[in-house]
Undergrad: 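Questions regarding the structure given below will be posed in turn.
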Amino acid sequence: LQGALGWAANTRHDVAVYIGALQRNQQAPKIKDVIDLNKVLKWVKRKKCTVLFKKLVSPLKILVISDSAFKRIAGDSLACKGHLLALAEMRMDTPGGGAHFLEAVSRRHKRVNRSTFAAETNGLADAIEPGKVLAMQYTEVVKGVCYASQLAEMMEKGEWAFPVEAVVDAMSVFTNITAADVKLPLEESLIAIVMAIREQFSVGHLKTLWLCQTDDMLADALTKGAVHREPLLKALSTGSWTLTGKVKRAALPLGCTPKR
């Protein structure tokens with residue numbers, strides 16, 4: 001049964017975080033794990049999850065929605081990351097709008113994280129990479145089949161068919177990445193990750209970074225079990241992401257040199 005639900009996680013993104021938690025205990029399951037497994041199964045049967053792909057209005061973009069969760073457990077810590085990738089309509093006032101949600105990931109962090117800031121920063125860095133791969137794939141769809149050397153040149157110049165934009169809900173991450181002068185984090189090893197994300201702007205890999213309210217963050221449902229699933233299910237079923245809270249938009253100019 002747990003294996004079957006594991007396969008269902010490919011399309012049932014709303015329960016992916018629960019399935020991941022159950023799989024971490026599958027080596028030595030307890031009665032509580034069996035009860036939780038049946039709860040997840042009842043939810044999957046009761047709540048339908050559909051994905052709508054409606055016609056989008058140009059211009060378009062590759063949208064990366066990233067979120068992470070960090071929790072200390074009995075002297076240890078658990079850090080989970082989740083992201084959504086979508087082909088979406090480009091708007092200047094909001095990261096939302098019509099979108100084709102193409103991929104959702106929910107899993108544990110492979111890097112060691114000692115704080116929520118570290119988990120959010122590493123999660124964003126990891127989420128941008130598959131977003132860049134998706135941008136290359138759509139470049140071939142729009143411009144035709146390309147040689148690997150041509151794709152590498154486009155990546156170096158930031159000349160993909162659709163720009164990549166990212167969304168986070170962590171103010172500390174947004175401020176640190178978009179600040180004119182980067183402050184040294186308490187975890188000094190994170191400075192390299194922060195500078196690497198900033199450099200994505202300078203070469204055109206990342207066009208815009210958005211900050212949204214936690215209530216509007218769709219990827220919250222991929223990292224936390226206590227949040228509502230309805231916003232994610234609604235976005236998938238309507239093919240549109242509607243944000244109700246305030247948002248902030250930041251973009252460093254192409255070719256800029258981040259300062260420390």
Side-chain angles (χ1 to χ4, degrees), residues 16-17 20 61-71 77-86 88 95 102-137 152 155-156 158 160 162-212 214 217-224 248-260:
V17 66
K61 64 184 178 185
I62 302 298
L63 184 63
V64 179
I65 307 173
S66 173
D67 185 61
S68 292
F70 177 83
K71 184 179 181 180
S77 62
L78 174 65
C80 296
K81 62 181 179 180
H83 68 255
L84 288 161
L85 298 182
L102 304 173
E103 178 182 320
V105 171
S106 175
R107 59 170 62 108
R108 291 185 65 174
H109 270 283
K110 293 183 179 180
R111 297 189 182 98
V112 176
N113 295 278
R114 300 181 180 87
S115 64
T116 302
F117 176 78
E120 292 277 6
T121 303
N122 284 319
L124 176 59
D126 291 341
I128 291 174
E129 295 306 312
K132 290 158 61 177
V133 173
L134 188 60
M136 284 190 284
Q137 292 172 337
M155 182 174 67
E156 184 178 351
W160 289 319
F162 303 131
V164 179
E165 298 188 4
V167 187
V168 296
D169 65 347
M171 172 66 81
S172 58
V173 175
F174 178 84
T175 303
N176 211 297
I177 291 174
T178 59
D181 298 298
V182 180
K183 295 182 179 179
L184 192 66
L186 293 178
E187 295 181 51
E188 296 184 0
S189 61
L190 290 175
I191 189 63
I193 305 298
V194 172
M195 295 301 293
I197 297 175
R198 286 171 61 86
E199 287 176 356
Q200 304 282 347
F201 286 102
S202 65
V203 295
H205 292 174
L206 187 64
K207 181 179 179 181
T208 305
L209 182 64
W210 293 87
L211 174 70
C212 73
T214 301
M217 172 51 67
L218 295 182
D220 252 0
L222 302 176
T223 61
K224 303 173 184 68
K248 289 186 178 182
R249 178 181 182 274
L252 297 178
L254 186 65
C256 70
T257 303
K259 299 178 181 179
R260 285 188 61 180

Undergrad: Output the distance between atom CD1 (Ile191) and atom CG (Asn176), rounded to the nearest 0.5 Å.
TA: 6.5 Å
Undergrad: Do you know which two heavy atoms are closest between Ala219 and Ile65, and how far apart they sit?
TA: CB-O, 3.8 Å
Undergrad: Which residues pass the side-chain hydrogen bond (donor to acceptor under 3.5 Å, both in side chains) test with Asp126, sequence neighbours left out?
TA: Lys81, Arg111
Undergrad: Measure the CG-CD1 distance between Leu124 and Ile193 for me, rounded to the nearest 0.5 Å.
TA: 10.5 Å
Undergrad: Applying side-chain contact (heavy atoms from CB on, under 4.5 Å), name anything that partners Ser115, two or more places apart in sequence or on another chain.
TA: Phe117, Ala118, Glu187
Undergrad: Which pair of heavy atoms, one from His109 and one from Gly123, lies closest together, and at what distance?
TA: CE1-N, 3.4 Å
Undergrad: With Ala135, which residues qualify under side-chain contact (heavy atoms from CB on, under 4.5 Å), at least two apart?
TA: Ile62, Trp160, Val164
Undergrad: How many angstroms lie between SG in Cys212 and CG in Leu218, if you round to the nearest 0.5 Å?
TA: 8.0 Å
Undergrad: Which heavy atom of Asn113 sits nearest a heavy atom of Phe70, and at what distance?
TA: O-CE1, 3.2 Å
Undergrad: Is a side-chain N or O of Arg198 found less than 3.5 angstrom from the main chain of Ala179, in a donor-acceptor match?
TA: yes
Undergrad: Once salt bridge (charged side-chain N to carboxylate O under 4.0 Å, His left out) is applied, do any residues pair with Glu156, and if so which ones, sequence neighbours excluded?
TA: none
Undergrad: What pairs with Thr223 under side-chain hydrogen bond (donor to acceptor under 3.5 Å, both in side chains), at least two apart in sequence or on another chain?
TA: Asp67
Undergrad: Quick one, Leu78 and Arg108 - any side-chain contact, counting heavy atoms below 4.5 Å?
TA: yes
Undergrad: Residues two or more places apart in sequence or in another chain: which of them pass salt bridge (charged side-chain N to carboxylate O under 4.0 Å, His left out) with Lys248?
TA: none
Undergrad: About how many Å separate CG of Leu209 and CD1 of Ile128, when rounded to the nearest 0.5 Å?
TA: 7.5 Å
Undergrad: How close do Trp210 and Glu165 get, heavy atom to heavy atom, and via which atoms?
TA: NE1-OE1, 2.8 Å
Undergrad: Which residues satisfy the side-chain contact (heavy atoms from CB on, under 4.5 Å) test with Glu103, sequence neighbours excluded?
TA: His83, Leu85, Val105, Pro130
Undergrad: How far does CD1 of Ile177 sit from CD1 of Ile197, to the nearest 0.5 angstrom?
TA: 4.0 Å
Undergrad: Quick one: do Asn122 and Leu190 satisfy side chain to side chain contact (heavy atoms under 4.5 Å, CB included)? Show the steps, please.
TA: CA-CA 8 Å; Asn122 284 319; Leu190 290 175; 4.1 Å; yes
Undergrad: When you look at Gln200 and Glu129, which way does the side chain to side chain contact (heavy atoms under 4.5 Å, CB included) test go after all the steps?
TA: CA-CA 10 Å; Gln200 304 282 347; Glu129 295 306 312; 3.9 Å; yes
Undergrad: Which heavy atom of Ala79 sits nearest a heavy atom of Ala119, and at what distance?
TA: CB-CB, 4.4 Å
Undergrad: Counting heavy atoms not belonging to Arg107, are there more than 12 under 6.0 Å from its CZ?
TA: no
Undergrad: Given side chain to side chain contact (heavy atoms under 4.5 Å, CB included), test Leu211 with Met171 step by step and report yes or no.
TA: CA-CA 7 Å; Leu211 174 70; Met171 172 66 81; 3.4 Å; yes
Undergrad: Does Ala104 have any side-chain contact (heavy atoms from CB on, under 4.5 Å) partners at least two apart in sequence or in another chain, and if so, which?
TA: His13, Leu84, Leu222
Undergrad: Quick one: salt bridge (charged side-chain N to carboxylate O under 4.0 Å, His left out) partners of Asp169, sequence neighbours excluded?
TA: none
Undergrad: Out of curiosity, Phe162 CZ to Leu134 CG, how far, rounded to the nearest 0.5 Å?
TA: 10.0 Å
Undergrad: Can you name the residues that form a side-chain hydrogen bond (donor to acceptor under 3.5 Å, both in side chains) with Ser66, not counting sequence neighbours?
TA: none
Undergrad: Which heavy-atom pair separates Pro163 from Lys207 by the least distance, and what is that distance?
TA: CB-CD, 3.8 Å
Undergrad: May I have all residue pairs that pass salt bridge (Lys or Arg N to Asp or Glu O under 4.0 Å) and include part of residues 170-180, sequence neighbours excluded?
TA: none
